[in-house]
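Contents: one structure, followed by commentary.
The first residue of the sequence shown is numbered 1, and numbering continues consecutively from there. For clarity, every value in this text was computed on a predicted model and none was experimentally measured.
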Amino acid sequence: MTLPGNSRTRRWISAITGALALTAGLLTVGAPTASAASLTQVGSFGSNPGSLAMYAYVPDGLPAGRPLVVALHGCSQSASDYHAHSGWAQFADQDKFAVVYPQTNSTNNSLSCFRWFDPAQSTRGKGEALSIKQMVDKAVAQYGSDRSRVYVTGLSAGGGQAANLLADYPDVFAGGSIASGLPAQCATSQSGASSCQYGSLNLSAAQWGDKVRNSYPGYTGPYPRVAIWQGSSDYTVYPVNGTELRDQWTNAWGIPQTASSTRSLPGGTMLTSYDDTSGKPAVQLYSISGMGHGLAVDPGSGPGQCGSTGSYYLDTICSSYYTAAFWGLDGSGGSGGTATLPAPTGLAVSSTTDTTATLGWSAVSGASSYDVYRGGVKVGSTAGTSYTDSGLAAGTGYSYTVAAVDSAGTVGAQSAAVTATTTGGPGTPQCFTASNYAQVTAGRAHTSGGYTYANGSNQNMGLYNLFVTHTLKETADGYYVISDSGC
């Protein structure tokens, strides 16, 4: 995160230099092969006072007017490393946007960290901050990117610099994502960096907010929407930084630090949202239980999966997927867009099996299709008002929402959630078909006066002999009912 300065920073450098060196072998990793496009260095993009390199990934045939994402790597990483592991290339191909990867070097910082702690590099119009702003200008001119839909994300030191950029240039960035990073302008010197990384500055929300407001005095426009990703077991950038980022950006937005909603996501992730006055999330905090220092990825080909593991790329949840959805890059309009269609009503679970759940809902006028989400991740689309999700685990509860999609492909607001619990699994009722004699012998029934009665329910099963057969269902431990019509 920083150059060696005070003794505490030196201890941190000693502890992580060996681990960070492991990423050196990743620096030549090529771009994913899913597209003919490749990661390309852009030679000239301005005066470049921060002495950075500019790399870009532009999907083949990208039309003008599409969004732009700026992605900042962590210490001892590179543009190609971040491109190969983070999952942003996958969503650039899928959702059609360009990605710019700024890259620093060991001349700027011995660990190739972005200098988030140096005011000469982290404030508006100066150093690295200005170099990255110039990269945005270059991309807008060269790729025809939509200047109103420019976003920045970063990991670790890149996350700290991303937070600074959001405060420095709220007129440039519509949204940001800070992964295992620091609040904007947390440190203003190299020696002060460790105080941010390893503890709290004990500032109020208003004091944190002032750091944003003072980064661009006189700015009166809207602030970017901010996603914060933080592992609960991060001992390089302590989890308190996630809370302080939350305090900083909710205060900048002028909204309370009281959560508007919470939701459980895959990978032990708890999403806490803080809505603006229109009811749309302005700040989101993703807290990942047990995750250490790094970027959350989730390798695989399923909906909402992305990335690959490596040093500081941790297999938990695809942070790039949820960040892209939060910004509206998936076509949903995100938290900042205006949904053209209302949320469907009447969502209900019509049936379940041990591997499927069938849902139904009321039609929305103007909808051409519907997207179905399980646990916040899109799992399918349908033209009708019912959907069967399959491949589920037995005896498990799943949360579903649904959204209407208009003929232009714009996704409307999501419905209220419902929970579907599949059958089967531990504690599922079992059925036993046998003669009355065998049922008694097995301890599922008993006799009285020559007749057989089911244990628990005491239902009369008829004569106690080998010729009368019944099916008994155990609905609770030791409690049986006659279920001859089917279990």
Side-chain angles (χ1 to χ4, degrees), residues 1-29 41 48-55 70-86 101-123 126-129 131-132 152-165 178-199 229-231 234-238 241 291-295 309-314:
M1 297 291 290
T2 68
L3 280 166
N6 57 28
S7 61
R8 193 173 192 183
T9 306
R10 285 193 294 271
R11 289 197 300 272
W12 175 78
I13 294 295
S14 176
I16 70 163
T17 298
L20 287 173
L22 296 174
T23 63
L26 299 173
L27 302 187
T28 57
V29 175
Q41 184 169 5
N48 190 19
S51 300
L52 304 179
M54 175 181 177
Y55 289 81
V70 178
L72 282 67
H73 63 77
C75 295
S76 290
Q77 296 176 337
S78 68
S80 61
D81 177 36
Y82 205 65
H83 174 70
H85 289 281
S86 65
Y101 298 90
Q103 179 176 288
T104 186
N105 54 67
S106 59
T107 301
N108 288 342
N109 178 276
S110 63
L111 288 175
S112 296
C113 303
F114 287 102
R115 292 167 284 182
W116 57 274
F117 48 84
D118 182 354
Q121 303 295 331
S122 64
T123 54
K126 296 181 180 179
E128 292 178 359
S131 290
I132 295 169
V152 62
T153 182
L155 165 64
S156 191
Q161 195 69 302
N164 291 332
L165 288 164
I178 302 156
S180 301
L182 299 305
Q185 309 303 339
C186 184
T188 56
S189 68
Q190 180 179 296
S191 60
S194 61
S195 297
C196 295
Q197 290 174 225
Y198 302 118
W229 293 84
Q230 181 66 52
D234 189 340
Y235 301 114
T236 300
V237 175
Y238 277 28
N241 285 279
M291 192 183 85
H293 186 66
L295 183 73
T309 57
S311 296
Y312 301 98
Y313 299 96
L314 308 179

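Nearest heavy atoms, S112 versus S106: OG-N, 3.2 Å. The two residues Y82 and A71 come nearest to each other via the heavy atoms CE2-CB, 3.6 Å. Considering every non-hydrogen atom in both P49 and G127, the closest pair reads CG-O, 3.5 Å. A179 approaches L295 most closely through the heavy-atom pair CB-CD1, 3.7 Å. For the pair G159 and I178, the tightest heavy-atom approach, listed with the atom from each and the gap, is O-CG2, 3.5 Å. Considering all non-hydrogen atoms of both residues, L182 and S156 come closest at CD2-O, 4.3 Å.
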Worksheet item: Checking side chain to side chain contact (heavy atoms under 4.5 Å, CB included) for the pair V70/L165: CA distance, chi angles, key distance, verdict?
Response: CA-CA 11 Å; V70 178; L165 288 164; 5.7 Å; no
Practice prompt. May I have the step-by-step check of side-chain hydrogen bond (donor to acceptor under 3.5 Å, both in side chains) for N108 and S51, ending in yes or no?
Written response: CA-CA 8 Å; N108 288 342; S51 300; 4.5 Å; no
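Judged by distance alone, with hydrogens and angles left aside, the side-chain atoms of R115 form a donor-acceptor pair with the main-chain N or O of G50 at under 3.5 Å. The backbone N or O of K126 lies less than 3.5 Å from no partner atom in the side chain of T123, so there is not a single donor-acceptor pair. A distance-only check finds a donor-acceptor pair linking the side chain of N164 to the backbone of W116 [under 3.5 Å].
Contact of the E128 side chain with the Q161 side chain is registered, since non-hydrogen atoms from C-beta on lie closer than 4.5 Å. Q103 places a side-chain heavy atom less than 4.5 Å from the side chain of Y55. Using a 4.5 Å cut-off on side-chain heavy atoms (C-beta onward), T309 and L314 make no contact.
Under the 3.5 Å distance criterion, with hydrogens and angles disregarded, no donor-acceptor pair is assigned to the side chains of D118 and S122. N48 and S131 are linked by a side-chain donor-acceptor pair at a separation below 3.5 angstrom, with hydrogens and angles left out of the test.
Note that CG of L52 and CD1 of I132 are 5.5 Å apart. Values are rounded to the nearest 0.5 Å. One finds the CG atom of L155 at 10.0 Å from the OH atom of Y312 (value rounded to the nearest 0.5 Å). Atom-to-atom distance recorded for Q230:CD and M291:CE is 7.0 Å, nearest 0.5 angstrom. Put simply, OG on S180 and CG on N241 are 9.5 Å apart, with the number rounded to the nearest 0.5 Å. Once rounded to the nearest 0.5 Å, the distance linking OH of Y238 with SG of C196 reads 13.5 Å. The line from OG of S86 to OH of Y313 is 6.5 Å long, rounded to the nearest 0.5 Å.
In this structure, the ring of H73 has its center less than 6.0 angstrom from the ring center of F114.
When the options Q185, Q197, Q190 are evaluated for a side-chain contact (heavy atoms from CB on, under 4.5 Å) with F117, the one that passes is Q190.
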